Number of protein chains: 4
Amino acid sequence: MTDDRRLGRPRSEATRKAILVAALEELDERGYAALTIDGIARRAGCGKQTIYRWWPSKADVVLEALLERADTTIAIPDEGSLSDDLLAFLTATFRQRGQRPTLIGLMAHALLDPVFATEFKEKFLFKRRAALRVILDRAAARGEIAADADIELLMDVVYGVLWYRLLLDHAPLDEPAGNRLATLLVRAAR
Amino acid sequence: MTDDRRLGRPRSEATRKAILVAALEELDERGYAALTIDGIARRAGCGKQTIYRWWPSKADVVLEALLERADTTIAIPDEGSLSDDLLAFLTATFRQRGQRPTLIGLMAHALLDPVFATEFKEKFLFKRRAALRVILDRAAARGEIAADADIELLMDVVYGVLWYRLLLDHAPLDEPAGNRLATLLVRAAR
Amino acid sequence: MTDDRRLGRPRSEATRKAILVAALEELDERGYAALTIDGIARRAGCGKQTIYRWWPSKADVVLEALLERADTTIAIPDEGSLSDDLLAFLTATFRQRGQRPTLIGLMAHALLDPVFATEFKEKFLFKRRAALRVILDRAAARGEIAADADIELLMDVVYGVLWYRLLLDHAPLDEPAGNRLATLLVRAAR
Amino acid sequence: MTDDRRLGRPRSEATRKAILVAALEELDERGYAALTIDGIARRAGCGKQTIYRWWPSKADVVLEALLERADTTIAIPDEGSLSDDLLAFLTATFRQRGQRPTLIGLMAHALLDPVFATEFKEKFLFKRRAALRVILDRAAARGEIAADADIELLMDVVYGVLWYRLLLDHAPLDEPAGNRLATLLVRAAR
DNA sequence: CGCTAACCGAGACGGTACGTCTGGTCTTCTT
DNA sequence: AAGAAGACCAGACGTACCGTCTCGGTTAGCG
């Protein structure tokens, strides 16, 4: 029941969107390393101050753009077996591989800026982990996972392989890869 | 065959070392994000040109310093069983966790600079993978790994978990963790 | 005839005064160079728009404040002789030396902004000249000034010396100085 | 016998001149109020830092340009009589009236920036006063100036009228004006 | 022993982005 | 319609580094 109406001119939604779009376009065309606040402002047709007013760093702009663009809700499959759930989850996750430049840039920034790192984990990384945890908890309830299994470790295996291949780009992140990873996990979980 | 002696004044070994030391000190004290060529040169008491003459980027300086400091030879345990070999390997690898700031910085740079990324993979990452491959190949020869197992994937699991925890810093990289990961791998390999 | 009452809410006299006071306070505390519309508005507790609505530039605010504060009527002495009139006029004028920061700022602004320069001359500088001209005309009628004397030049001597010392601050603007200048003028006028 | 050779790359004389020229061109074309360091650097084809390295403010750049362009030596006429000397001096000084925009800008800046004001007085204003003083001292030695005359005040009359007309631009600064001012001064000096 | 060549330190150079500041305009609700 | 609040676009500010360059000076092998 809070009254959200504030004094003064309200924030321009049009400008906010123009900035997010401009950030993603600049990112695609020139890469994260060449991304600048100046460039985003120029492309969005806004003043730099408007960006600095709402986001603490360029990474925060990109993160918000990513969250807005991505499916807000992370689909949690429920096929009845760990194997099928994992396969569905991995396939859905791998399908977002087009986001690679964005994710790479955000991770790079997180490594260089601890403040943003926290933001990135809370708003993105840990949200995805939570979805995976639901799947594993259900499988544990069905007895598909050994009682002494380390659920945290299993999740790290999933996201570890995912990020490692995303970062190094040395091996595929496609459906067959998802298949093999699911098989490995099922075997390891018993 | 090649006569490596060059005309003119030879490269100063003292300066080379001063630069590598200065780079690591700056890295420790101020973090990779604040690392600058200017700063390294100032601390090393040398001209900027001297750095640019021998290294293409600040990451290359740090990489060379890391390679020089780290055990040049990667120990490859041969205990007779996959389980023991993995445990020994992981324990040795995790022990280098003190390098975290350095590794984080190099990875960040690699994500932003494709040229350095190649360098980093060749000189560092793939060298470590090769050591692990020897262990896995031996285990396969002993029949400890299923014939249809995906050796590449197993390696990605090891280094994926390692890097994922290194980057996110959300879970420990200690001996118990190594133990559990080794157990998981043995189970998955069958 | 004209009906000056306008539609809508009338201008707030309290705000107008708060702005003029705030402008002079900022001027005294931080100097003209640091004077900003933002700062005046903040101190006056009003919106920037309210200032822009009524004054074209910060100098106009200061000018209005100065005119309001200063004696609205410029005293024109009539002692019976050029010498006494000049002395009285100079003494009265020099007494306003405390306005130096204000006058300095207004002159600086006038030099940089031709539109304000016109305003400044009409509302301030030429008003003072007119007073001096009355004195000189009366002296001419009494025959104290040679028929071929250049009255305009005499006025420029008075205000030239005054402003030159005000601007450079290299020599006093006190009563002895007024005395000497009056003597010089009387001599020059013959 | 100081050894002026300094370490490092020497200052570029070509760039120095390009900056001074660019500053005067910008000043002529757009006026002092619109003069920016950015603009000077852009026109001179140099980096902003190069300007900041050598001059503390844009006014210092303009001052150096003015000093370089103007006759370095201020001609001191010696015609044998105060009247002729003054006329020659005023004529020569008034002839530089083309400098008006430059002088106006420098004075405006001096009024806003006390540090530059000192610089401006020392390097420009007081140098001119010194020349005039030579003329007046010679006249005093010849007995053309009353023993009790205030030489400082006479100089302030000359430069006061000059600057007052320069700043307000309400009356001419030409040869007839010089003539009339010289006459007035001779009369006042007796 | 002098010449040549490549090194070294220092530091100026042209650029470019930074994050801040102010200007002048606009858009909301309130008086 | 005026006012307070505050967001908006625009663009200059002065700083920090980038990677390059140009000096004087040093240190090797070769003639």
Side-chain angles (χ1 to χ4, degrees), chain A residues 3 5-12 14-16 34-42 44-54 56-58, chain B residues 3 5-12 14-16 18 34-42 44-54 56-58, chain C residues 5-12 14-16 34-39 41-42 44-54 56-58, chain D residues 3 5-12 14-16 18 34-42 44-54 56-58:
Chain A
D3 188 348
R5 284 173 306 172
R6 306 267 282 307
L7 283 179
R9 180 177 178 176
R11 178 173 183 185
S12 159
T15 297
R16 184 182 149 271
L35 199 64
T36 66
I37 299 280
D38 272 305
I40 296 172
R42 215 174 302 128
C46 74
K48 286 199 291 173
Q49 191 67 288
T50 303
I51 299 180
Y52 283 111
R53 202 182 339 258
W54 302 108
S57 78
K58 62 181 185 175
Chain B
D3 186 350
R5 285 172 308 173
R6 310 263 284 296
L7 280 180
R9 180 178 176 175
R11 178 174 183 184
S12 158
T15 297
R16 180 181 152 273
L35 200 64
T36 66
I37 298 279
D38 274 299
I40 297 172
R42 216 172 302 127
C46 74
K48 286 200 293 173
Q49 191 64 265
T50 305
I51 299 179
Y52 283 112
R53 207 183 334 258
W54 302 108
S57 78
K58 61 180 184 174
Chain C
R5 285 171 307 173
R6 311 264 283 295
L7 281 181
R9 178 177 175 178
R11 178 172 184 187
S12 157
T15 297
R16 180 179 152 275
L35 200 64
T36 65
I37 298 280
D38 275 298
R42 215 173 304 125
C46 74
K48 286 200 292 173
Q49 190 62 264
T50 304
I51 299 179
Y52 282 113
R53 206 182 334 258
W54 302 107
S57 79
K58 62 180 184 177
Chain D
D3 189 346
R5 285 172 306 172
R6 306 267 283 307
L7 284 178
R9 179 177 176 174
R11 177 172 183 186
S12 160
T15 296
R16 183 181 149 274
L35 199 63
T36 66
I37 298 280
D38 271 309
I40 297 172
R42 216 172 301 127
C46 75
K48 285 200 290 173
Q49 191 66 42
T50 302
I51 299 179
Y52 284 112
R53 203 181 339 257
W54 302 108
S57 78
K58 61 182 184 175

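Remember, predicted model here, so these are calculated numbers, not experimental data. Below, chain A is the first sequence line, B the second, and so on; all start at residue 1. Computed over heavy atoms, backbone and side chain alike; hydrogens, waters and symmetry mates excluded.
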Problem - Rounded distance (Å) that lies between atom C1' of E:dG11 and atom CD1 of B:Ile51 - result: 14 Å
Practice task
Could you check how far CD1 of D:Ile37 sits from P of E:dG14, rounded to whole Å?
Solution key: 14 Å
Practice task
Enter the distance from A:Ile40:CD1 to A:Thr50:OG1 here, rounded to the nearest 0.5 Å.
Solution key: 12.5 Å
Practice task
Could you check D:Lys58 against B:Ser57 and say which one's nearest nucleotide on DNA chain F is further toward the 5' end?
Solution key: D:Lys58
Output a table of nitrogen or oxygen pairs between the protein and nucleotides 4-7 of chain F separated by less than 3.5 Å.
residue, atom, partner, partner atom, Å
F:dA4, OP1, C:Thr15, OG1, 3.4
F:dA4, OP2, C:Gly47, N, 3.3
F:dA4, OP2, C:Thr50, OG1, 2.9
F:dA7, O4', A:Arg9, O, 3.2
F:dA7, N3, A:Arg9, NH1, 3.4

Practice task
Measure from CD1 on A:Ile40 to C1' on E:dG19 and round the result to the nearest Å.
Solution key: 14 Å
Handout entry: For C:Cys46 against C:Thr15, the heavy-atom pair lying closest together
Key = CB-CG2, 4.1 Å
Exercise for the section: With DNA chain F as reference, determine whether D:Thr36 or B:Leu35 sits nearer its 5' end, using the nearest nucleotide of each. Expected result: D:Thr36
Practice task
Grab the CZ-P distance between D:Arg16 and E:dC13 for me, whole Å please.
Solution key: 12 Å
Practice task
Specify the separation, in whole Å, of atom CG of B:Asp38 and atom C1' of E:dC13.
Solution key: 13 Å
Handout entry: salt bridge (Lys or Arg N to Asp or Glu O under 4.0 Å) partners for A:Lys58, two or more places apart
Key = none
Handout entry: Geometric cation-pi criterion C:Arg11 and C:Trp54, 6.0 Å radius, 45° cone
Key = yes
Exercise for the section: Work out which heavy atom in D:Ala44 is nearest to a heavy atom in D:Ala18; give both atom names and the distance. Expected result: CB-O, 3.7 Å
Practice task
Can you measure from CD1 (D:Ile37) to CD (D:Gln49) and round to the nearest 0.5 angstrom?
Solution key: 11.0 Å
